[in-house]
Amino acid sequence: MSKLYLDPQLIDRARTAASDIADSLQSFILERTTVAVERTVLRLYGLDGVDADYVPLPNVVVDHLKEGGLLEHGAARYVLNAVLQKGLSIQEIGESVAAGTLNLCELPLASDDEIRQKGLELAHASLDLIRANRAKRDDYLSRLGEGPQPYLYVIVATGNIYEDVVQAKAAARQGADIIAVIRSTGQSLIDYVPYGATTEGFGGTYATQENFKVMREALDEVGEEVGRYIRLCNYCSGLCMPEIAAMGAIERLDVMLNDALYGILFRDINMQRTMVDQNFSRMINSFAGVIINTGEDNYLTTADAVEQAPSVLASQFINEQLALRSGLPEEQMGLGHAFEMSPELEDGFLLELSQAQMAREIFPRAPLKYMPPTKHMTGNIFKGHVQDTLFNMVGVMTNQGIQLLGMMTEAIHTPLIHDRHIAIEGAKYVFKNLRNFGEEIEFKRDGKIVARAQDVLTDAAGKLEEIRDIGMLEAISRGMFADVKRTMTGGKGLHGVFMRAEDYWNPFETLLRAELGLEAMAR
């Protein structure tokens with residue numbers, strides 16, 4: 001029974017509207033591909049490295065096919081054809097295209113049957129590697145175990161992957177369950193993935209496959225030391241969303257920030273581009289057993305937390321339905337929200353508790369991602385620590401899944417090792433002392449907490465029905481999320497979107513749809 005006395009019919013009404021919105025978007029998505037999707041296909045086939053100018057080979061090959069007017073058919077067709085015609089590996093083909101000694105657009109085409117047979121054979125081998133990674137994670141979890149939810153999630157953000165490793169190991173020893181390597185400022189807006197280990201990021205460390213590998217090895221090492229599996233998080237968002245999802249699957253990341261709306265609203269990425277990219281990236285995340293984190297918490301950094309609560313809930317409903325259409329189970333949906341009520345607001349804690357409890361009741365199997373105070377942190381470290389303590393109280397009382405720990409030095413600097421230690425120590429104290437408190441309390445039927453939840457749910461259901469009537473992309477254009485307006489043709493990356501040809505083929509999409517039970521949605 002709902003502690004907030006939520007009307008199940010109203011929840012069903014909201015979820016039905018969100019489902020209709022997702023169906024409409026899915027039809028739009030499946031008519032298109034992008035340069036990032038096609039580069040992801042090549043990365044999943046093992047294409048890696050850079051040319052003489054440090055341009056990643058997946059970019060080189062996809063740009064080559066784009067210039068030849070062939071990308072709308074899918075990059076796999078022409079690369080696999082070269083495998084058959086030239087007897088080369090996919091890596092050798094990429095290097096030959098980069099060297100200018102091979103033109104994929106001029107090769108005679110083998111039969112569709114030959115190309116598809118070879119493509120599926122090689123794709124199965126690639127997916128087997130990801131499947132083995134997932135089994136390795138399961139083995140670690142079975143052998144070492146992990147901390148209870150809410151997971152203690154902390155960030156490292158030095159810009160240098162090797163310094164990140166030092167800080168990440170220290171955090172794991174202090175009790176962290178998830179280490180998030182913050183990505184270098186602006187990486188989401190570059191249309192390629194940097195190569196190799198990096199040591200000079202800005203406000204964070206570049207997301208590269210080698211950096212993923214370095215950190216994964218470090219966390220496995222410290223996990224053995226502390227007797228607890230440590231999860232690794234990074235960002236598969238921005239213009240390379242599906243590519244980074246593939247890299248994360250290959251290097252066994254566990255959690256990835258993954259939300260098209262976040263990119264549209266807060267990074268001004270073209271909505272067509274990122275919706276298509278998100279769909280394929282979530283299929284990869286689903287297959288790899290990666291928990292996604294969505295970005296609803298960011299709405300509250302640009303708009304008032306009291307007013308925007310229905311938008312946060314509406315977005316959570318939509319993200320849930322879009323994730324299901326990518327084959328992502330509820331247990332991998334880290335739907336986002338945040339503790340962003342003004343500390344000067346009377347009974348703000350009650351409103352926060354209401355919102356968090358409501359999300360938990362509506363999405364009972366999701367490992368909800370709860371974000372700490374940021375907007376109203378002032379640099380007063382003592383007040384900030386109290387704000388974070390109240391945030392931790394709500395997190396454990398409402399059984400959130402992932403607790404991104406606040407730092408008392410928020411608004412002053414990137415966390416130092418001792419800042420993180422104090423945050424972990426404080427959260428562990430609150431979680432231990434209030435572990436079962438949520439099970440011991442009930443809410444007044446006519447009280448403020450219940451009334452707030454019911455008002456937010458009612459408004460969210462109405463908002464979702466309005467979005468269904470006008471269309472999701474039009475709703476974004478009107479600024480119905482976070483008071484930020486974006487247009488269909490605006491933003492970054494539209495030049496990388498293509499309508500699929502009738503004979504378009506993505507072998508990994510084909511196999512993942514079968515693996516995830518999505519065959520009925522394929523063209």
Problem set entry | Side chains of Arg77 and Leu70 in contact at under 4.5 Å (non-hydrogen atoms) | no
For this session: Could you please spell out the steps behind the side-chain hydrogen bond (donor to acceptor under 3.5 Å, both in side chains) verdict for Ser311 and Gln308?
Result: CA-CA 5 Å; Ser311 291; Gln308 282 294 315; 3.1 Å; yes
Problem set entry | Least distance between heavy atoms, Glu330 atom then Glu320 atom | OE1-OE2, 4.3 Å
Exercise. Is a side-chain N or O of Thr205 found less than 3.5 angstrom from the main chain of Gly201, in a donor-acceptor match?
Worked result: no
Problem set entry | Pairing of Arg478 and Glu474 as salt bridge, 4.0 angstrom limit | yes
Exercise. Below 4.5 Å, heavy atoms only, C-beta onward: do Val83 and Ile93 meet side chain to side chain?
Worked result: yes
For this session: Would you check if the side chain of Gln26 reaches a backbone N or O of Leu322 as a donor-acceptor pair within less than 3.5 Å?
Result: no
Exercise. So do Gln321 and Leu25 actually touch side chain to side chain, heavy atoms under 4.5 Å?
Worked result: no
For this session: Kindly compute the distance separating OH (Tyr151) from CZ (Arg231), expressed to the nearest 0.5 Å.
Result: 4.0 Å
For this session: Could you check Gln316 against Thr294 for side-chain contact (heavy atoms from CB on, under 4.5 Å), going step by step and ending with a plain yes or no?
Result: CA-CA 8 Å; Gln316 289 173 328; Thr294 61; 5.6 Å; no
Exercise. With a 4.0 Å cut-off, would you call Arg134 and Glu515 a salt bridge?
Worked result: no
Exercise. Does atom NZ of Lys3 have more than 12 heavy-atom neighbours from other groups under 6.0 Å away?
Worked result: yes
For this session: Any pair with a residue in residues 457-481 that passes ring pair (Phe, Tyr, Trp, His ring centres under 6.0 Å), sequence neighbours left out, goes on the list, sorted by first then second residue, please.
Result: none
Exercise. So, for Ile21 and Leu464, which heavy atoms are closest and what is the spacing to 0.1 Å?
Worked result: CD1-O, 3.5 Å
Exercise. Under 4.0 Å between a Lys/Arg side-chain N and an Asp/Glu carboxylate O for Asp128 and Arg131?
Worked result: yes
Exercise. Do the side chain of Thr34 and the main chain of Ala36 share a donor and acceptor less than 3.5 angstrom apart?
Worked result: yes
For this session: Determine whether Asn506 and Phe280 make a side-chain contact, defined as any pair of heavy atoms from C-beta on separated by less than 4.5 Å.
Result: yes
For this session: Report the distance from atom CG of Leu42 to atom CG of Leu57, rounding to the nearest 0.5 Å.
Result: 10.0 Å
For this session: Measure the CG-CE distance between Leu494 and Met488 for me, rounded to the nearest 0.5 Å.
Result: 8.5 Å
Exercise. Does the side-chain hydrogen bond (donor to acceptor under 3.5 Å, both in side chains) test come out yes or no for Asn211 and Arg183, once each step is laid out?
Worked result: CA-CA 11 Å; Asn211 284 348; Arg183 191 166 58 176; over 6 Å; no
Exercise. In Å and rounded to the nearest 0.5 Å, what is the CD to CD distance from Gln272 to Glu31?
Worked result: 10.5 Å
Exercise. What distance separates Ser342 OG from Lys375 NZ, expressed to the nearest 0.5 Å?
Worked result: 9.0 Å
Problem set entry | pair Ile178-Cys233: side-chain heavy atoms closer than 4.5 Å | yes
For this session: Test Leu253 against every option in Val181, Leu232, Asn285 by the side-chain contact (heavy atoms from CB on, under 4.5 Å) rule and name the one that passes.
Result: Leu232
Problem set entry | Greater than 12 external heavy atoms within 6.0 Å of Tyr78's OH | yes
For this session: Look at the side chain of Tyr192 and the backbone N and O of Pro58, then say whether any donor-acceptor pair between them is shorter than 3.5 Å.
Result: no
Problem set entry | Ala207 to Ile244 - nearest heavy-atom pair and separation | CB-CD1, 4.4 Å
For this session: Kindly indicate, with the supporting measurements, whether the criterion side-chain contact (heavy atoms from CB on, under 4.5 Å) is fulfilled by Glu146 and Leu141.
Result: CA-CA 7 Å; Glu146 62 179 338; Leu141 289 169; 3.6 Å; yes
For this session: Answer yes or no on whether Arg216 is positioned over the face of Phe212, meaning its NZ or CZ is under 6.0 Å from the six-membered ring centre and within 45° of the axis.
Result: no
For this session: Report the relative orientation of the aromatic rings in Phe391 and Tyr370; use parallel for angles under 30°, tilted for 30 to 60°, perpendicular for over 60°.
Result: tilted
Exercise. Is the closest side-chain donor-acceptor distance between Gln117 and Glu121 under 3.5 Å?
Worked result: no
Exercise. If every non-hydrogen atom of Ala123 is compared with every non-hydrogen atom of Leu511, which pair is closest and at what distance?
Worked result: CB-CD1, 3.5 Å
Seminar exercise, completed: Between Ile284 and Ala245 the two heavy atoms that sit nearest each other are CG2-O, 3.7 Å
Problem set entry | Pair Lys492 + Asp191: basic N to acidic O under 4.0 Å | no
Exercise. In Å, rounded to the nearest 0.5 Å, how long is the span from CH2 of Trp505 to CG of Leu120?
Worked result: 4.5 Å
For this session: Could you walk me through whether Ser19 and Arg468 pass side-chain hydrogen bond (donor to acceptor under 3.5 Å, both in side chains), step by step?
Result: CA-CA 9 Å; Ser19 179; Arg468 177 177 58 191; over 6 Å; no
Exercise. Is the backbone of Tyr5 close enough, under 3.5 Å, to the side chain of Gln454 for a donor and an acceptor to pair up by distance?
Worked result: yes
Problem set entry | Non-hydrogen atoms of Ser315 and Leu261 that approach each other most closely | OG-CD1, 3.5 Å
Problem set entry | Of all pairs that satisfy ring pair (Phe, Tyr, Trp, His ring centres under 6.0 Å), the ones with a partner from residues 311-330, not counting sequence neighbours | Phe317-Phe363
For this session: Using a strict 4.0 Å threshold on nitrogen-to-oxygen distance, state whether Glu466 and Lys463 make a salt bridge.
Result: no
For this session: Ignoring hydrogens and angles, tell me if any N or O in the side chain of Ser326 forms a donor-acceptor pair with the backbone of Met283 under 3.5 Å.
Result: no
Donor-acceptor pairs are to be reported for all side-chain atoms of residues 286-293 against protein atoms at under 3.5 Å, with residues two or more places apart or in another chain.
unit_1	atom_1	unit_2	atom_2	d
Ser286	OG	Gly327	O	2.6

Problem set entry | Donor-acceptor under 3.5 Å (Gln403 side chain, Leu152 main chain) | no
Problem set entry | Short side-chain to backbone donor-acceptor contact, Glu340 and Thr374, under 3.5 Å | yes
Problem set entry | Any Thr40 side-chain heavy atom under 4.5 Å of Asp277 side chain | no
Exercise. So, does Asn399 use its side chain to make a donor-acceptor pair with the main chain of Pro150 at under 3.5 Å?
Worked result: no
For this session: May I ask you to test the Leu368-Arg360 pair for a side-chain heavy-atom distance under 4.5 Å?
Result: yes
Problem set entry | Side chain to side chain, Arg452 and Val306, heavy atoms closer than 4.5 Å | yes
For this session: Decide salt bridge (Lys or Arg N to Asp or Glu O under 4.0 Å) for Asp268 and Arg486; before the verdict, give the C-alpha distance in whole Å, the side-chain angles of both, and the deciding distance to 0.1 Å.
Result: CA-CA 7 Å; Asp268 195 20; Arg486 303 297 185 196; 3.6 Å; yes
For this session: Could you tell me whether a side-chain N or O of Lys448 sits under 3.5 Å from a main-chain N or O of Leu351, the two making a donor and an acceptor?
Result: no
